[in-house]
Amino acid sequence: MELSRRNLPYAFASVDTFGDLTVDFDVDTGQLDVSAVVRNTSGDPAEINVPLKIDGEVVATETVSLQPGTKTRVSFERNIGVAGIFEVTVDDLPPRLLTVPQISLAGKWLFHRSDNLSWKAPGLDDSEWETVTLPANWEDHSDHTENPVYGWFRKHFTVPAEWKGHALEIPVGKIDDVDETFLNGAKIGQTGTFPENGYETAWSQTRRYTVQPENINFGGENVLAIRVYDGSGGGGLYGGPLGPITAAD
């Protein structure tokens, strides 16, 4: 007779525990690799059914046999060929959010010297802005060597419609010295303090800003605009990580 949800012969003993969940996704192949450790915490041999769940649905199962007090790592491979934000877990472990496809922000950006708050607007004509490759000091990509000095960066990218309803975390790397970052014209974060409010550098801090769904254009173009002030030395968006953009909830 079936006595437990894992078809184990011990109705009242805790014979298995799960932990150490890992979730890896290869953006080039679309392959999802998931694994977790399963332990037999009982004093008897056990046959344990290990479920892989995506969005709460069991999509694959592996069965392992364990001696008392032993453990093993169980692995799954699955191809994810569609866009979306998925909850991935093994058994009832806290799920990890998988964001597909992965959007990197490294590479081509637009850059403009000087300072003008109207440059945060998503509808701005930035066709005459300089194209640069980031991350890099702006002294290197644009010979912007004056100090102290302001500059702006802009990046256009599309957010899949399948991500609708999710807040997003946008990593914009390390910026020397102070930044004010906007998405679609709305301020999403600032690190450091600009001179007009009492200068405070944040040159070594990594920026990761969370954007709420109401400020995201799902299924269309989004514009990331970053205002930067450099007090002295190297300036601009000089280090990563620049993406990938991930779900924040």
message = In terms of relative ring orientation, are F111 and F153 parallel, tilted or perpendicular, with 30° and 60° separating the classes?
response = tilted
key: Result of checking N79, D24, I80 against L32 for side-chain contact (heavy atoms from CB on, under 4.5 Å)   = I80
inquiry  = Within this structure, what is the NZ-CG distance for the pair K187 and L117, rounded to the nearest 0.5 Å?
reply    = 9.5 Å
task = To the nearest 0.5 angstrom, please state how far the CD atom of E162 sits from the CZ atom of F218.
result = 11.0 Å
query = Distance-only, no hydrogens or angles: does the N184 side chain make a donor-acceptor pair with backbone N or O of N215 under 3.5 Å?
reply = yes
query = Is the closest side-chain heavy-atom distance between P160 and P101 below 4.5 Å?
reply = yes
request  = Examine distances only and state if a side-chain atom of R227 and a backbone atom of K120 form a donor-acceptor pair shorter than 3.5 Å.
outcome  = no
key: Centroid-centroid under 6.0 Å between W109 and W129 rings   = no
Salt-bridge criterion met for K53 and D91 (N-O under 4.0 Å) = no
Any donor-acceptor pair under 3.5 Å from D177 side chain to W203 backbone = no
ask   = Does a side-chain N-to-carboxylate-O contact under 4.0 Å join R73 and D20?
value = yes
Residue among W152, W119, W138 satisfying ring-ring contact (aromatic ring centres under 6.0 Å, His included) with H112 = W119
key: Y150 and F194 aromatic ring geometry - parallel, tilted or perpendicular at 30°/60° bounds   = parallel
ask   = Which value, rounded to the nearest 0.5 Å, describes the distance between D176 atom CG and T201 atom OG1?
value = 5.5 Å
query = Under a 4.5 Å cut-off applied to non-hydrogen side-chain atoms, are T191 and Y209 in contact?
reply = yes
